[in-house]
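Since the structure is predicted, the reported quantities are computational estimates derived from the model, not experimental observations. Just so you know, ligand 1 is whichever comes first in the structure, and atom 1 is the first atom listed for that ligand.
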Amino acid sequence: MIERVKKYLEEVNSFSSTDALTIEKFRVSYSGKKGILATLFAAFREVPVEEKKAFGQELNVLKNAVSEKIKELQSQLKSTGGKSSISDPTRTPFPIQTGNRHPLSVVKNRIIDIFTQIGFTISEGPEIEDDWHNFTALNLPEHHPARDMQDTFFIQTDPDILLRTHTSSVQVRYMEKNQPPIRTISPGRVFRNEAISSRAHCIFHQIEGLYIAKDVSFSDLKQTLRYFTESLFGNSKIRLRPSYFPFTEPSAEVDIYWGLETEVDYRITKGTGWLEIMGCGMVDPNVLKNCGIDPDEYSGFAFGMGIERIAMLIYQISDIRLFFENDVRFLKQFKGTL
Ligand code: PHE
């Protein structure tokens, strides 16, 4: 028995390799769960009492030799980079490391896909806006108290020029140039001067939608929202809660049923099980008039959502700031599409 241990010891001492796989195989064959050491230690129990001491000592020598050997080989491997050290600078750089889209883009693209499938076009507009397109045309005349709903960044001293607070401004521009039927969504960056908490973020992203045609009703809005939430979140329950926006009448807030199974569910839904995901409503006739569309002939609905909020729900992200820190360890987790 002792002879066998001695043979193993010789084998261990003379073993050498620079190949990671061979080293790993060696490690498993000796120190794996069913490896040589484990078998020998099991056999140790059967050894007659008078031989136990000598056998035990030899066994310990072997055990130490194995762990020394593995340590030595692994540190050697590290210093050579795991391969026979490549130092040829003319070597081709392929394969290149591919990157991936930002999670906000992944979610934005998915939302765009869902709406383009039912005939919506994509429209874009400027981030620096004038008062008319961001406020006045949207039924928010000067001094309207609801302007405070969206704290605004003004450009220098000109109160007429500002950073858009929502992409509804794009829809105004679109209506000014196009007559119904209109089906368009406007994704883009928006800005709000929010100092409420350290978690508030002054820049975020929205997608707003607009549908104007003859005889568009609230039930069309509801069906469109159901189609959207089911496409994005799978089979899901939504509810519409009465709300107020100056540009829509009636207006509603859309909640999605999140459930109340975990403590986190309780926290993020404030104990209700429901989560608000967007605002919506029937476009106010005044807005249509302001944009050159006859409200007696046409009607429509509009909706708007924050992409960060949706992305946080989908990926269970608890802090909005992660989207803007550009930490590659965070960003790398979002390979692929939704
Ligand atoms: N513009 C609103 C916002 O930014 C969202 C919205 C759009 C609400 C369209 C109703 C209709 O909060």
Answer yes or no for M305: is there a heavy-atom contact with ligand 1 below 4.0 Å? no
Close approach, F247 and ligand 1, non-hydrogen under 4.0 angstrom: yes
Take the angle between the ring planes of [X] and [Y] and call it parallel below 30°, perpendicular above 60°, tilted in between.
{"X": "F15", "Y": "F26", "result": "parallel"}
{"X": "F324", "Y": "H205", "result": "parallel"}
{"X": "Y315", "Y": "F334", "result": "perpendicular"}

Is there a path of hydrophobic side-chain contacts, each under 4.5 Å between heavy atoms, that joins I268 and W274? no
Under a 4.5 Å side-chain heavy-atom rule over Ile, Leu, Val, Met, Phe, Trp and Tyr, are V172 and F135 clustered together? yes
Go through the side-chain N and O atoms of S251 and S243 and say whether any donor and acceptor fall under 3.5 Å apart. no
Heavy-atom pairs closer than 4.0 Å: do any link ligand 1 to the side chain of C280, the backbone, both, or neither? backbone
Identify, by atom number and element, the atoms of ligand 1 in contact range of [X], meaning under 4.0 Å from any of its heavy atoms.
{"X": "Q206", "answer": "3 (C), 4 (O)"}
{"X": "S168", "answer": "1 (N)"}
{"X": "G304", "answer": "6 (C), 7 (C), 9 (C)"}
{"X": "F245", "answer": "8 (C), 10 (C)"}
{"X": "F303", "answer": "7 (C), 9 (C), 11 (C)"}

Distance to 0.1 Å, residue and atom name: give those for the protein heavy atom nearest to atom 2 (C) of ligand 1. E208 OE2, 3.5 Å
Proximal candidate to atom 12 (O) of ligand 1 [heavy atom criterion; set H166, R164, R192, M278]: R192
Assert yes or no for the condition that the ring centre distance of F303 to F115 is strictly below 6.0 Å. yes
